[in-house]
Amino acid sequence: MNFFEELKWRGLIKDTTDEVGIAEKLNTHCTAYLGIDPTADSLHIGHMQQLLLLRRYQKAGHRVIALCGGATGMIGDPRPTTERKLLTIEDVAHNVSCIKTQIGKFVDFEDETKGILVNNYDWTKELSLIDFLRDYGKHFNVAYMINKDTIAKRLESGISFTEFTYTILQAMDFLHLYNKYGCDVQFGGSDQWGNIVSGSDLIKKVHGSDTKVYGVTSPLVTKSDGTKFGKSEGSNIWLDATKTSVYEFYQFWLNVTDEDAIPLLKRMSFRTQEEIESIELSMKENPHLREAQKALASEITELVHGKDALDRALEITEILFKGDIKKLSYEELKAAFKGAPSGEIIDGEPILDALVKLNICKSKNEARKLVEGNSVAVNGDKVNDINYVLNKKDAFNEEITVIKKGKKVFALAQFE
RNA sequence: GGAGAAGUAGCGAAGUGGCUAAACGCGGCUGACUGUAACUCAGCUCUCUACGAGUUCGGCGGUUCGAAUCCGUCCUUCUCCA
């Protein structure tokens, strides 16, 4: 199975500008690029598939370019629903620096012939309006642009000129990378199809229609029940451990439903076809062991957060679901829960306030309802009195208390 | 520039003077079941010093005993015309 066939088997190919051409190209050598806009100060698991693709390309011997959209991020890729709020220049710069280090976990940038990290702001910031309109604008037919899915969807609800021009900016990136690095493949999620085509079209208009450049997209990750992938408790699962703890990250993957587990393993894991098929087989025989979920969660958590962090997430999991918290020593607890979500409370803190302080609940109102609903446990014991007070003397070493909401959400409360 | 229409909680969408903290659907949370799954069922889903109180229906101002609902004005968006 060659590289292109493998991508297909994994379910990572949706559309290509030229399937035969790209299949050939990927079996020789190419320079492939992926662009990511800095819309937040951390990447989230919605980016994972693409980041892993970057890694796959590099592992397969191709040169990869990770593009951080410092310029495009200031404009905003049109969403199907509504106009984006412009980010401030400071925010974009901050986001760029945060994201760059995260991308480094997936790609090796040590050797320029194997991996390059660029920022499109560098070649866009000096471009004058007149040059933009004369050198690039002429290549874009408005009638053609408004037929692009991303823009067409917005014609009813409204789209600003700013976002309308986004696709031109991204096309300029592909052209720039083609000129400078001979970059001949751009890939991305299927929502990027329009932008990717804009880029290859632009290159062909500038360099001739027989120029060998290719675009390829992968299907967006969806869940079998049709709901949005990548959210937990309504919020994003971030790659930044301070925004989403390693434990939560691990748990997210562990809780993937059976139906989604194998497809996700194919897409996200670097395991071979044989390995994945054997997992699939044993999962069919013993679904309750959730081997696929465990394999998926471990591999991805280790890649993103490292071996030590994974081990700790596993330890916490073990304790929270199988062990008895009260049997642990203070030292064991402290070691196991290192890096877990935590917060400080005072001696005599009411349970409702503590739940809010530790970010387990958004408001005391919510906390009240959960306690009344018998959903909260302190050090393993259910608490259903809304006037319950947390005392130092009940804590481990008079210092640490574990507060749990439901089955899976917990935080460490530390007395001041 | 002109003429219409619309802006309601995370989203979609009712409501068109008091019975409305605002139907319904989705999403989210919790409980039961289970395999930390799926399905199904039940409850919750503005806030708080909580059998009560406060603040909400694009913004501001007004009418009224009383407004998401009426009036004025501003902002935003859509449709059609030029």
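So that the names make sense, note that chain A is the first sequence line, chain B the second, and so on, each numbered from 1. Just so we're clear, the structure is a prediction, and the values are computed from it rather than from any experiment. Hydrogens, waters and symmetry mates are skipped; everything else that's a heavy atom, side chains included, is used.
- For A/Lys407, the side chain to side chain donor-acceptor pair (under 3.5 Å) test picks out no residue, with sequence neighbours left out.
- With sequence neighbours left out, A/Lys266 forms a salt bridge (charged side-chain N to carboxylate O under 4.0 Å, His left out) with no residue at all.
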Identify each atom pair where a protein N or O and an N or O of nucleotides 49-52 of chain B are less than 3.5 Å apart, giving names and distance.
residue, atom, partner, partner atom, Å
B/U49, OP1, A/Lys364, NZ, 2.4
B/A50, N7, A/Arg368, NH2, 3.3
B/A50, N6, A/Asn365, OD1, 3.2
B/A50, N6, A/Arg368, NE, 3.0
B/A50, N1, A/Asn365, OD1, 3.2
B/A50, N1, A/Arg368, NE, 3.3

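- Taking the P atoms as reference points, B/G7 lies 14 Å from B/C57, given to the whole Å.
- Among pairs with a residue in residues 43-58 of chain A, none fulfils salt bridge (charged side-chain N to carboxylate O under 4.0 Å, His left out), at least two apart in sequence or across chains.
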Which letter, B, S or -, goes with each nucleotide of nucleotides 2-10 of chain B from 5' to 3', with contact meaning a protein heavy atom under 4.0 Å? ---------
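- Between A/Arg79 atom CZ and B/C11 atom C1' the separation is 13 Å, expressed in whole Å.
- Of the nucleotides present, B/U30 is the one that pairs with B/A42 by Watson-Crick or G-U wobble criteria, both distances under 3.5 Å.
- Contacts between residues 275-289 of chain A and RNA chain B, counted as heavy-atom distances below 4.0 Å, involve A/Pro287, A/His288.
- With sequence neighbours excluded, the residues forming a salt bridge (charged side-chain N to carboxylate O under 4.0 Å, His left out) with A/Asp184 are A/Lys25, listed by chain and number.
- When the P atom of B/C29 is taken as reference, atom CD of A/Glu248 falls 12 Å away, rounded to whole Å.
- The partner of B/U49 is absent, by the rule that a Watson-Crick or G-U pair needs both atom distances under 3.5 Å.
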Check against ring-ring contact (aromatic ring centres under 6.0 Å, His included), A/Tyr57 and A/Phe3: CA-CA 9 Å; A/Tyr57 274 85; A/Phe3 185 50; 5.3 Å; yes
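- Nucleotides B/G31 and B/C19 have their C1' atoms positioned 33 Å apart, rounded to a whole Å.
- Here ring-ring contact (aromatic ring centres under 6.0 Å, His included) pairs that include residues 271-321 of chain A, with residues two or more places apart or in two chains, are A/Phe249-A/His305.
- Distance check on atom P: B/G61 versus B/C29 gives 39 Å, rounded to whole Å.
- What separates CD1 of A/Ile386 from P of B/C44 is a distance of 17 Å, to the nearest Å.
- At whole-Å resolution of the value, CG in A/Leu320 and C1' in B/G35 are 17 Å apart.
- Rounding to whole angstrom units, CD of residue A/Glu291 and P of B/U36 are separated by 15 Å.
- The nearest whole Å value for the distance from the CG atom in A/Leu155 to the C1' atom in B/C80 is 16 Å.
- Here the separation of B/G25 from B/C74, taken at their C1' atoms, is 34 Å to the nearest Å.
- Phosphate contact (OP1/OP2 of B/U45, side-chain N/O of A/Lys369, threshold under 4.0 Å): present.
- Only the P atoms considered, B/G28 is 44 Å distant from B/U73, to the nearest whole Å.
- Rounded to whole Å, the P atom of B/A6 lies 15 Å from the corresponding atom of B/G17.
- Among the nucleotides B/U30, B/A37, B/G35, the one closest to the side chain of A/Arg290 is B/G35.
- Listed by chain and number, the residues in a salt bridge (charged side-chain N to carboxylate O under 4.0 Å, His left out) with A/Lys59 amount to none (sequence neighbours excluded).
- Within the structure, ring-ring contact (aromatic ring centres under 6.0 Å, His included) contacts touching residues 371-415 of chain A (residues at least two apart or in different chains) are A/Tyr247-A/Phe410, A/Phe337-A/Phe410.
- A distance of about 31 Å separates the P atoms of B/G59 and B/C51, rounded to the whole Å.
- Residues meeting the salt bridge (charged side-chain N to carboxylate O under 4.0 Å, His left out) test with A/Arg10, sequence neighbours left out: A/Glu6.
- Applying the Watson-Crick and G-U wobble criteria (two distances, each under 3.5 Å), B/U16 pairs with nothing in any strand.
- Between the CZ atom of A/Phe249 and the P atom of B/U36 there is a distance of 22 Å, given to the nearest Å.
- When the P atom is compared between B/A9 and B/G58, the two are found 8 Å apart, to the nearest whole Å.
- Residues A/Ser363 and A/Gln251 both approach RNA chain B. Their nearest nucleotides, taken by heavy-atom distance, put A/Gln251 toward the 5′ side.
- With a cut-off of 3.5 Å on both Watson-Crick or G-U wobble distances, the partner of B/A23 is given as none.
- Summarising the base pairing, B/G72 is matched to B/C60 through a Watson-Crick or G-U wobble pair whose two defining distances lie under 3.5 Å.
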Could you tabulate the donor-acceptor pairs under 3.5 Å formed by side-chain atoms of residues 134-146 of chain A, not counting sequence neighbours?
residue, atom, partner, partner atom, Å
A/Asn141, OD1, A/Ala143, N, 2.8
A/Tyr144, OH, A/Asp201, OD2, 3.0

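- A donor and an acceptor atom never sit less than 3.5 Å apart when one is taken from the side chain of A/Glu366 and the other from the base of B/U45.
- Interface remark: the A/Lys408 side chain does not form any donor-acceptor pair with the B/U30 base, using a distance-only criterion of under 3.5 Å.
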